[in-house]
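Naming convention: chains lettered A, B, ... in sequence-line order (proteins, then strands); numbering from 1 in each chain. Quick caveat, the model's predicted, so the values are computed rather than measured.
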Protein chains: 2
Amino acid sequence: MARLPVYLRALQALQDRGTLTISSEALASAAGVNSAKLRKDLSHLGSYGTRGVGYEVEYLVYQISRELGLTQDWAVAIVGIGNLGRALANYGGFGTRGFRIAALLDADPAMVGQNVASLDVRHIDSLEEVVRTKGVSIGVITTPAAAAQGVATRFVEAGVASILNFAPVVLNVPDGVDVRKVDLSIELQILAFHAQRRADGDGRGAERAGLELM
Amino acid sequence: MARLPVYLRALQALQDRGTLTISSEALASAAGVNSAKLRKDLSHLGSYGTRGVGYEVEYLVYQISRELGLTQDWAVAIVGIGNLGRALANYGGFGTRGFRIAALLDADPAMVGQNVASLDVRHIDSLEEVVRTKGVSIGVITTPAAAAQGVATRFVEAGVASILNFAPVVLNVPDGVDVRKVDLSIELQILAFHAQRRADGDGRGAERAGLELM
DNA sequence: ACGTGCTTGTGAAAGTGCGCACAAAGTGGG
DNA sequence: CCCACTTTGTGCGCACTTTCACAAGCACGT
């Protein structure tokens with residue numbers, strides 16, 4: 001399920017606060033979901049809560065981490081060391097959660113050899129070698145749109161079956177390869193869409209309010 | 001619909017290539033969706049295709065832009081000028097799509113006054129004033145998790161009803177306020193989850209293959 | 001030992017989204 | 001003018017998700 005990471009984060013926050021046990025109701029509210037949904041999700045992964053009490057926070061953290069595969073560590077390669085690539089490389093939140101930035105790659109010769117986040121940027125041509133020697137299993141693409149498909153194909157051919165794509169294009173990959181897309185412009189556009197609907201709705205709302213008075 | 005921005009991008013790429021008209025089948029494949037779904041989405045916004053021909057690219061671009069509210073421009077404020085905030089401020093892709101970065105805010109006095117992406121970073125205390133004077137209607141939060149809720153509340157009280165949150169917390173906001181969340185760790189965790197299932201599945205797949213032979 | 005009060009786990013209902021498949025509609029050739 | 005071909009718009013069934021509601025189970029006080 002795509003909701004497990006959200007639960008995990010809420011649980012870790014609770015753990016930091018010293019909470020030992022939590023009810024589905026409270027956890028659901030912290031994670032922003034319905035409590036029945038949360039219980040079904042947890043029961044689905046064979047979890048054990050205690051009726052009348054709730055779930056033991058520590059045990060649940062461990063179970064979810066295991067289910068998500070966070071007990072092993074994953075080597076990540078970032079291709080495209082522009083603003084966003086650099087920001088990701090410097091973001092500390094990954095290391096503590098089982099993800100290790102193993103390599104930074106870029107096509108620009110001027111960028112190659114620079115030291116970013118304690119790693120030397122290497123040239124894109126060594127992608128295959130880096131994937132092999134560092135055991136990379138997750139690829140992150142932060143290149144311009146035009147370069148993204150080529151990088152994705154090389155990742156796939158090198159054996160990387162999990163790709164996180166920040167470039168604004170739809171990647172074409174074979175079955176069995178998992179691509180997730182994060183597109184900042186699209187997020188803003190969706191917000192704008194709802195904002196406009198809200199604005200339109202206000203107008204219509206006033207009319208409706210008027211009608212309701214009759 | 002959350003898919004309109006994807007269609008729009010595919011259409012703009014087609015427009016750049018000089019394509020005048022396109023069938024639902026071709027556009028659907030470019031956007032990575034089913035053609036019936038695409039037609040239903042487009043018909044839902046009252047769009048006009050021509051049977052036997054397809055859709056006129058330019059007209060469709062205009063219609064979708066209008067529906068998304070991209071014909072007006074939206075002032076965006078970014079709070080939290082760390083790695084990610086800086087990367088977003090410097091990302092050029094927004095301006096061309098109706099979004100204008102109107103202000104950068106940070107709580108760190110050492111950061112205030114610095115020039116980032118041709119804007120002076122201002123102190124978070126002037127949030128309300130900035131929202132008012134610059135007409136900010138979309139807020140972007142790239143602060144640490146602990147600060148995010150406070151910033152969100154101030155945005156809402158200042159009248160900003162659209163928030164894009166990069167901090168790894170669930171924001172609590174009143175009804176009517178629209179929050180979208182982008183969480184990079186969660187994306188990686190979901191990839192890891194599928195990668196692990198793939199790995200487990202390979203093992204089980206072999207066993208199943210064995211059973212199927214009996 | 002027993003009843004009371006919570007909380008989990010889950011069956012069943014309601015809701016949502018997706019995609020097939022086909023009728024309606026337009027184009028172009030003869 | 002008519003016919004064959006292409007492509008849109010959409011009714012319908014299917015599968016999946018979400019939510020409600022409640023029985024089963026556990027802890028704790030008496």
Side-chain angles (χ1 to χ4, degrees), chain A residues 1-8 10-11 14-15 19-64 67 170 175 178-181 186 190 193-194 197, chain B residues 1-8 10-11 14 19-64 67 170 175 178-181 186 190 193-194 197 201:
Chain A
M1 291 283 174
R3 281 184 299 264
L4 288 181
V6 181
Y7 302 158
L8 180 58
L11 284 165
L14 289 165
Q15 203 171 23
T19 313
L20 295 178
T21 185
I22 182 130
S23 75
S24 65
E25 199 81 35
L27 180 55
S29 132
V33 298
N34 178 289
S35 69
K37 181 158 52 174
L38 178 112
R39 287 198 298 274
K40 202 159 273 186
D41 287 346
L42 294 185
S43 80
H44 231 277
L45 59 91
S47 162
Y48 292 84
T50 312
R51 299 175 191 225
V53 177
Y55 299 88
E56 195 200 338
V57 173
E58 190 183 5
Y59 183 62
L60 210 47
V61 165
Y62 171 71
Q63 284 296 335
I64 295 181
E67 182 76 9
V170 176
D175 283 358
D178 196 15
V179 175
R180 294 192 66 84
K181 187 180 166 192
I186 284 184
I190 293 172
F193 172 71
H194 286 127
R197 277 184 82 84
Chain B
M1 289 283 177
R3 281 184 300 265
L4 287 181
V6 181
Y7 302 158
L8 181 58
L11 284 165
L14 289 165
T19 312
L20 295 177
T21 184
I22 183 135
S23 74
S24 64
E25 198 83 34
L27 180 55
S29 134
V33 299
N34 178 285
S35 68
K37 182 158 51 175
L38 179 118
R39 287 197 298 275
K40 205 163 275 184
D41 287 346
L42 294 186
S43 81
H44 234 277
L45 60 90
S47 160
Y48 292 84
T50 313
R51 301 177 188 220
V53 177
Y55 299 88
E56 196 200 338
V57 174
E58 191 183 4
Y59 183 62
L60 209 48
V61 165
Y62 171 71
Q63 284 296 334
I64 295 181
E67 181 75 10
V170 175
D175 282 359
D178 195 15
V179 175
R180 292 193 67 84
K181 186 180 165 192
I186 284 185
I190 293 172
F193 172 70
H194 287 127
R197 275 184 85 83

- base_contact_polar (C/dG17 base, B/Lys40 side chain, donor-acceptor, <3.5 Å): no
- Message: With a cut-off of less than 4.0 Å, is there a side-chain N or O of A/Ser24 near OP1 or OP2 of C/dT8?
- Response: yes
- Query: How long is the line joining CG of A/Leu60 and C1' of C/dG9, in whole Å?
  - Reply: 14 Å
- Message: I need the full list of salt bridge (Lys or Arg N to Asp or Glu O under 4.0 Å) pairs touching residues 33-52 of chain B, with sequence neighbours left out, sorted by first then second residue.
- Response: B/Arg3-B/Asp41
- Interatomic distance, A/Arg3 CZ vs D/dT18 C1' [rounded to whole Å]: 9 Å
- Item | Integer-rounded Å distance: C/dC22 C1' and B/Arg39 CZ | 11 Å
- So, A/Glu58 and A/Tyr62: side-chain donor and acceptor under 3.5 Å apart, yes or no? no
- Task: Measure from CD on A/Glu25 to P on C/dG9 and round the result to the nearest Å.
- Result: 14 Å
- Message: Check the phosphate of C/dT10 against A/Ser43, side-chain N and O only, distance under 4.0 Å to OP1 or OP2. Yes or no?
- Response: yes
- Within this structure, what is the CG-to-P distance between A/Asn34 and C/dG9, rounded to whole angstrom? 15 Å
- Residue pair A/Pro5 / B/Ile190: nearest heavy atoms and the distance that separates them: CG-CG1, 4.1 Å
- Can any side-chain N or O of B/Thr50 pair as donor or acceptor with the backbone N or O of B/Val53 at less than 3.5 Å? no
- Task: Specify the separation, in whole Å, of atom OH of A/Tyr55 and atom P of C/dC6.
- Result: 18 Å
- Can you tell me the distance, in whole Å, between the CG atom of A/Leu42 and the P atom of C/dG9? 8 Å
- Task: Specify the separation, in whole Å, of atom CG of A/Asp41 and atom C1' of D/dT18.
- Result: 10 Å
- Item | Along DNA chain D (nearest heavy atom to each residue), the more 5'-positioned of A/Lys37 and B/Gly52 | B/Gly52
- Does A/Arg51 make a side-chain donor-acceptor contact with the base of C/dT7, cut-off 3.5 Å? no
